[in-house]
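As a basis for the values below, the full set of heavy atoms in this structure was taken, side chains included, without hydrogen atoms, waters or symmetry mates. Labels below follow one simple rule: chain letters A, B, ... track the order of the sequence lines, proteins then strands, and each chain is numbered from 1.
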Amino acid sequence: MTDRTATRDDGSDRADRGDRDDRGEVETHVYLCTGCPLGCRLEVDAVDDDVLEVRGFACRRGERYGRQEHVDPRRPVATTVWIEGAVDRRAPVRTAEPVPRDLVRDVVASLRGVRLEAPVRRGDLVVADVCDTGIDVIVTRDLERIGRP
Amino acid sequence: MPITPDRRHLQSRYDVVIVGAGPAGMAAALGARERGAEHVLLVDRETDPGGILLQCIHSGFGLHAFGEEVTGPEYAGRFLEQVLEQDVDVLTDAYVMDVTADRRVKLMSPRVGVHTVDAATVVLAMGARERTREAIRIPGDRPSGVMTAGFAQQLVNLEGYLPGRRAVILGSGDIGLIMARRLALEGVEVVGVFELLPQPSGLTRNVVQCLDDLDIPLHLSTTVIRIHGRDRVERVTVAPVDDDRRPIPEKAWDVDCDTLLLSIGLIPDAELARSLGAQLDPLTGGPVVSGTMETTLPGVFAAGNVVHVNDLADWVSREAQVAGEAAGALATGARRPDQDIRLIPGENVAYVVPHTIASDGTHTLSFRVRRPIHGPTVLRLGEIHRRKVRAVVPAEMVTMKVSPRILEGFRGDVLRVDAIAAEEVAR
């Protein structure tokens with residue numbers, strides 16, 4: 001019940017409009033935190049996208065994860081791209097930041113044609129602003145040029 | 001980068017020789033240098049140091065070691081930088097053929113040929129191997145397309161091949177879950193993950209990120225009971241299991257696939273320790289170690305997955321740091337601390353590492369429970385120490401810090417480690 005009170009306090013912008021009727025009820029959503037290996041079971045009380053309370057976290061990262069996961073779930077993406085002249089044929093890459101979860105497949109697909117040439121260094125840019133996310137894709141391993149001089 | 005000191009630079013005597021340059025070996029090298037070991041040699045059979053981290057391209061490493069999450073190759077890269085800054089000799093493309101009890105290390109590589117070095121101390125850091133089809137004896141045909149999840153990971157992430165078009169994964173260990181996602185993102189149809197146990201074997205976050213996110217079904221209490229296919233896998237028969245984990249054939253069904261990945265556990269790669277004559281623990285499959293990670297052979301240490309299978313590289317590094325420090329200290333003349341207390345696994349504890357500790361030392365005990373307890377759990381060290389945790393599951397290694405303050409009043413020589421539901425303790 002205290003949750004409802006909190007709703008009105010937090011959602012003052014909506015309350016001001018006096019259209020409380022089209023607001024949803026407080027619903028509790030359950031998410032499993034992926035912030036660390038603990039995997040806390042988070043309960044997120046929210047009215048639509050307004051998060052009122054997060055419970056069940058063991059650290060601040062978990063609370064943040066709960067809010068983020070409810071409103072805009074994001075995931076780090078790691079994949080590999082072709083590389084010429086290195087000890088291995090694939091170079092590992094990742095997004096510099098987590099991207100929206102619904103774009104994970106698109107990000108991986110968009111990197112499929114990329115070819116790098118050794119040497120590359122950790123942090124080298126592979127693709128800027130991948131899938132219009134504003135997020136870059138970078139190399140995660142130093143790969144020397146090998147082979148005959 | 002391929003770092004290979006040539007024969008001229010390779011010394012004939014080292015304070016510490018470390019076998020394996022994965023997360024354990026690199027951390028051990030740093031630990032040894034910190035404790036004053038001048039000459040440290042790190043040997044690895046691959047061209048680049050890093051071990052299995054190089055194919056673990058996903059994020060999730062380093063939260064403890066660096067305070068932020070990085071990918072496997074980045075974790076390896078950061079450690080390697082420190083190792084090189086510390087003037088550790090790194091010999092790659094080299095295979096350790098033999099270590100004798102008086103610590104003569106015989107190695108072989110295309111660059112230096114066969115070469116023997118004398119080591120004041122040795123650290124074994126060879127990691128673990130994957131269990132294969134033979135370990136669980138899956139009946140049926142023997143076609144191609146059956147492989148371990150880690151091997152598939154190597155094919156995809158280092159060599160650039162897909163293992164097949166339509167895959168079934170047996171076992172929900174972390175590698176299996178990670179590979180389910182990896183294959184799905186590369187366009188392989190992942191039909192499902194089948195797990196014998198009633199709960200996933202891997203970390204919760206991997207179930208969420210790797211299966212739930214990609215709508216890959218997880219079938220618990222279900223296993224593969226037959227493989228079909230003449231040259232290539234054509235399908236597998238799966239069946240639910242009863243409470244005793246016996247398949248129920250009447251409820252079996254067939255799943256079409258051309259690939260079966262196995263993620264059914266790791267075993268310490270302890271052959272070298274065995275041939276050396278170090279005592280092994282049948283519960284872990286790795287060598288018996290003291291609180292400083294010394295095996296039963298004086299001067300021979302071991303750390304990481306060769307001792308017991310960890311779920312985090314960060315834990316491996318921490319444990320190997322201890323081993324490296326002790327190896328470095330011993331090599332430079334320090335006294336070996338008395339290991340006067342033996343630890344034994346008690347109620348609901350599968351194993352405990354280390355096997356012995358020093359009552360005047362600070363230790364981190366690592367252990368695994370046999371059964372999950374989904375609620376407040378008391379971790380008990382004999383009658384002298386208790387710690388409460390929120391829950392325990394076999395998939396997640398449990399750790400407990402032990403300090404001289406805790407051990408101060410204890411006069412015995414054996415301590416049991418238990419993990420018991422808090423409500424049972426209260427009774």
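Minimum heavy-atom separation, B/Gln209 to A/Thr34: CG-CG2, 3.5 Å. Contact record, B/Val208 with A/Arg75: CG1-NH2, 4.0 Å, taken as the closest heavy-atom pair.
Of the inter-residue distances, the one linking B/Glu74 atom CD with A/Ile138 atom CD1 reads 6.0 Å to the nearest 0.5 angstrom. Atom CG of residue B/Asp48 and atom CG of residue A/Asp142 lie 9.0 Å apart, to the nearest 0.5 angstrom. Taking CZ of A/Arg141 as the reference point, atom OG1 of B/Thr71 lies at 11.0 Å (rounded to 0.5 Å). How far CD of B/Glu159 is from CG of A/Asp88: 7.0 Å, rounded to the nearest 0.5 Å.
Side-chain contact annotation: A/Thr79 with B/Arg182, donor-acceptor N/O pair under 3.5 Å present.
Cation-pi check for A/Arg89 over B/Tyr161 is met; the charged atom lies under 6.0 angstrom from the ring centroid and within 45 degrees of its normal.
Put simply, of A/Arg101, A/Arg145, A/Arg41, the one with the most heavy-atom pairs under 4.5 Å next to chain B is A/Arg101. Among B/Asp213, B/Leu203, B/Leu312, the residue making the largest number of heavy-atom pairs under 4.5 Å with chain A is B/Asp213.
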Check: residues 52-63 of chain B side-chain donor-acceptor pairs under 3.5 Å, at least two apart:
residue	atom	partner	partner atom	Å
B/Gln55	NE2	B/Gly150	O	2.8
B/Gln55	NE2	B/Gln153	OE1	3.0

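Only the backbone of B/Val156 comes within less than 4.5 Å of a heavy atom in chain A; its side chain stays farther off.
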